[in-house]
Amino acid sequence: MRKNLIEKIKESLAAIMPVTLIVLILTVSLVPITGEMFFMFLMGSIFLTLGIGLFTLGVDNSLVIMGEEIGAKITKLKKLWIIIPAIFIIGLIVAVTEPDLKVMAEQVSFINTRILTWTVGSGVAVFLVLAFLRVFFQIRISVLLIIVFMAVFTLALSPLVPNDLIAIIFDSGGVATGPVVVPFIMAIGLGLSSVRGDKTQQEDSFGLVGLCAVGPIAAAVFLFMFSNTDADITAGLIEIEEYGNISEVFMEFVRGFPEFAFEKAVAILPIVALFLVFNFIILKLEKKTIIKILISLVFTYVGLVLFFVGVNVGFMPVGQYLGSRLSNDYPWLLIPIGMVIGYFVVAAEPAVHVLKQQVETITDGKISGRMLGTGLGIGVAFSVGIAMLRVVTGISILWFLIPGYLFALVMTLFVPPIFTSIAFDSGAVASGPVTVTFLLPLALGACAGVGGNMTTDAFGLIAMVAMTPLITIQLFGLVALLKEKRTVEEVPNVTKSIIDDESDDIVELETNDGGKQD
């Protein structure tokens, strides 16, 4: 356990270090900060490093195992009247405990926080059921994605929904799939597909998170159709404290622990209760396995507390301050600076670590974690750059969302299904707590600095971060497909096509001399 923990902390340090260095370079060169604020950010970085390390270690031995066991056992029941309610309850309980969702819900003041949380959670639950039915009935994911996104865009752009709320509506899809939801639902996907073992098992292991991210968007559309949206929307700006010395900064971290310890306990305990109920009724795991899972959940919990104390106390104020100062002094530098930060900040997302590990495991290393990380970094860099462009110019988010999603959905018809599933999962996990608590405050601070509209110009960053990986990861898949086809054309005496029409999976090549090639 100690060896694994050290390894996880090394990985998280490698993820956090680039972001920390970039911010420190900015504070030395362009945006000077006080020694107290410098110490605050440094402490936040340390908390993030320890938090991500503990979180990923705990998730590997708790949420992942729980999800896989529940997914596999539920599928073996083969009774939809039992499976559908069970999947819905799982999705609802996990979604309403998602910390990222709470952060966004508190920033939208014209809707009761509890109503918004449970409505968005219900959207996740309904689409988790839909994702399961897709696997159960073997529906191609591209077909389902095109249908649901067309329906969502049609409703969102209708006169029934105020245009000013479009950015917030699409942001809800990203915040509902955070560090608690993603590992659990991805593991359920692995469990669902593991009991079948057919040729679409790999692609069916992914895509659940991507589809679940559409649910909150649809739920928010319906909620805002029937809500009074005349009230002001909370800007989301936080009050930046001025500290007299480092001791006061340290005490700010100490004061943050009780609040986040309680908040994360509320997030984890319902999942523990859900697991124990399912274990009593269906799973029947050995006592040794149950104890291991519960101990690992403690690691997950402590990691979440450290992580959120670090980002909320150390990262949010510095991100907002940097955005405000840069927009005042160097507004157009926000775009390249935002892109560089965006490229590296995605590596710090806890759920991204889980996704990369799952992708490598399921594809037997054919799709490497490094390749996935590069694709995510490029996508998020472009999305943050576009978000900062919108802050500076006030361009409507629809000019980017509509063509972006249209291009991503058209690509689903041409790339191998496994790349489509991974791409839509990647979009959901890229917009996690680091994005919500550092990049969003950066955009909010910048928007306040240029005197822009918070609702339409600053919000929408999470939606952009969730969209661009859909394009970049699928482009990787398209390039891989073209390379494979070119390789086939260059191989002599090939008598069998490399691409299976049904699954787009790579199959063995049969040569005329009776041998086989991969």
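Just so you know, residue 1 is the first one in the sequence shown, and it goes up from there.
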Participant: Quick one: does any side-chain atom of S368 pair with a main-chain N or O of M371 as donor and acceptor, under 3.5 Å?
Facilitator: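 Yes, the answer is positive, given that a donor and an acceptor are paired below the 3.5 Å cut-off.
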
Participant: Apply the test ring pair (Phe, Tyr, Trp, His ring centres under 6.0 Å) to residues F153 and Y405: give CA-CA distance (whole Å), side-chain angles for both, the deciding distance (0.1 Å), then the verdict.
Facilitator: CA-CA 10 Å; F153 268 99; Y405 271 104; 5.6 Å; yes

Participant: Supply the atom-to-atom distance T154 OG1 to L157 CG, rounded to the nearest 0.5 angstrom.
Facilitator: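 The CG atom of L157 is 7.5 Å from OG1 of T154, to the nearest 0.5 Å.
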
Participant: Does D457 offer a backbone N or O that forms a donor-acceptor pair with the side chain of R390 under 3.5 Å?
Facilitator: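 Between the backbone of D457 and the side chain of R390 there is a qualifying donor-acceptor contact (under 3.5 Å).
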
Participant: Restricting to non-hydrogen atoms, name the atom on A458 and the atom on V391 that form the minimum distance, rounded to 0.1 Å.
Facilitator: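 Smallest interatomic distance, heavy atoms only, reads CA-CG2, 4.4 Å.
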
Participant: What are the two closest heavy atoms between F400 and I395, and how far apart are they?
Facilitator: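 Nearest heavy atoms, F400 then I395: CE1-CG2, 3.8 Å.
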
Participant: Nearest 0.5 angstrom please: S142 OG to M411 CE, how far?
Facilitator: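 Taking OG in S142 and CE in M411, the distance rounds to 12.5 Å.
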
Participant: Tell me if a side-chain donor or acceptor on Q474 pairs with a main-chain N or O of A408 at a distance below 3.5 Å.
Facilitator: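 Here the side-chain-to-backbone pair exists.
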
Participant: Taking all atoms of both residues into account, what is the closest heavy-atom pair of G342 and V384, and its distance?
Facilitator: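 Smallest heavy-atom distance, with atoms named: CA-CG2, 3.9 Å.
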
Participant: Which atom pair, heavy atoms only, marks the closest approach of S383 to M464?
Facilitator: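 Closest approach of S383 to M464, heavy atoms only: CB-O, 3.2 Å.
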
Participant: Any side-chain to backbone donor/acceptor pair from S324 onto Y321? Under 3.5 Å, distance only.
Facilitator: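 Checked: no pair found.
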
Participant: Output the distance between atom CZ (F438) and atom CG (L322), rounded to the nearest 0.5 Å.
Facilitator: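 So the CZ of F438 and the CG of L322 are separated by 6.0 Å.
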
Participant: Is there a side-chain contact (heavy atoms from CB on, under 4.5 Å) between T177 and V429? Walk through the geometry before answering.
Facilitator: CA-CA 6 Å; T177 49; V429 304; over 6 Å; no

Participant: Do side-chain atoms of S421 reach the backbone of G207 as a donor and acceptor pair under 3.5 angstrom?
Facilitator: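 Not at all, since once roles are kept as given, no pair shorter than 3.5 Å links the two residues.
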
Participant: Closest approach of L48 and G310, non-hydrogen atoms and distance?
Facilitator: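 Smallest interatomic distance, heavy atoms only, reads CD1-C, 3.5 Å.
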
Participant: Within the distance-only criterion (no hydrogens, no angle test), does the side chain of T472 pair as donor or acceptor with the backbone N or O of G375 below 3.5 angstrom?
Facilitator: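 Yes: the side chain of T472 pairs with the backbone of G375.
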
Participant: Flag yes if more than 12 heavy atoms outside F149 fall under 6.0 Å of its CZ atom; otherwise flag no.
Facilitator: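 More than 12 within 6.0 Å, yes.
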
Participant: With a 4.5 Å cut-off on side-chain heavy atoms, are L128 and F132 touching?
Facilitator: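 No. Closest side-chain heavy atoms not under 4.5 Å.
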
Participant: So with a 6.0 Å cut-off around CE of M150, is the heavy-atom count from everything else above 12?
Facilitator: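 For M150, atom CE is not crowded (no more than 12 foreign heavy atoms under 6.0 Å).
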
Participant: Are R140 and P417 side-chain neighbours, meaning at least one heavy-atom pair lies under 4.5 Å?
Facilitator: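 SC-SC contact between R140 and P417 confirmed.
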
Participant: What are the two closest heavy atoms between V221 and A156, and how far apart are they?
Facilitator: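 What the structure gives for the nearest pair is CG2-CB, 4.0 Å.
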
Participant: Between CG of L355 and CD1 of I422, what distance do you get to the nearest 0.5 Å?
Facilitator: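 Atom-to-atom, L355:CG and I422:CD1 are 7.5 Å apart.
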
Participant: Within the distance-only criterion (no hydrogens, no angle test), does the side chain of S12 pair as donor or acceptor with the backbone N or O of I52 below 3.5 angstrom?
Facilitator: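 Absent.
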
Participant: If you count heavy atoms of other groups shown closer than 6.0 angstrom to CZ of F382, is the number above 12?
Facilitator: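 No, because the 6.0 Å sphere around CZ of F382 holds 12 heavy atoms or fewer from other groups.
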
Participant: Working to the nearest 0.5 Å, report the span between CD1 of I397 and CD1 of I402.
Facilitator: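 Reported value, rounded in 0.5 Å steps: 10.5 Å.
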
Participant: Sort out for me which residue in F308, F47, F41, F307 forms a ring-ring contact (aromatic ring centres under 6.0 Å, His included) with F315.
Facilitator: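 Single ring-ring contact (aromatic ring centres under 6.0 Å, His included) partner of F315 among F308, F47, F41, F307: F41.
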
Participant: T49 versus I9: any side-chain heavy-atom pair under 4.5 Å?
Facilitator: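 T49 reaches I9 side chain to side chain.
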
Participant: Say you draw a straight line from CD1 of I146 to CD1 of I141; how long is it, rounded to the nearest 0.5 Å?
Facilitator: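 So the CD1 of I146 and the CD1 of I141 are separated by 11.0 Å.
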
Participant: Begin with the C-alpha distance, continue with both residues' side-chain angles, and end with the deciding distance and a verdict on side-chain contact (heavy atoms from CB on, under 4.5 Å) for V380 and Y343.
Facilitator: CA-CA 6 Å; V380 173; Y343 179 84; over 6 Å; no

Participant: Taking P441's backbone N and O only, do any of them form a donor-acceptor pair with Q320's side chain (distance below 3.5 Å, no angle check)?
Facilitator: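 Checking the backbone N and O of P441 against the side chain of Q320, no donor-acceptor pair under 3.5 Å is found.
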
Participant: Answer yes or no: is there a side-chain heavy-atom contact under 4.5 Å between W332 and I335?
Facilitator: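 They are in side-chain contact.
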
Participant: Please report whether the ring centroid of F476 lies less than 6.0 Å from that of F419.
Facilitator: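 Ring centres of F476 and F419 not closer than 6.0 Å.
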
Participant: Could you tell me whether a side-chain N or O of D171 sits under 3.5 Å from a main-chain N or O of A463, the two making a donor and an acceptor?
Facilitator: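 Yes; judged by distance alone, with no hydrogens or angles, the pair exists.
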
Participant: For side chain to side chain donor-acceptor pair (under 3.5 Å), just list the numbers for T20 and S45, CA-CA rounded to whole Å, side-chain angles, deciding distance to a tenth of an Å, and then say yes or no.
Facilitator: CA-CA 7 Å; T20 304; S45 300; 3.1 Å; yes

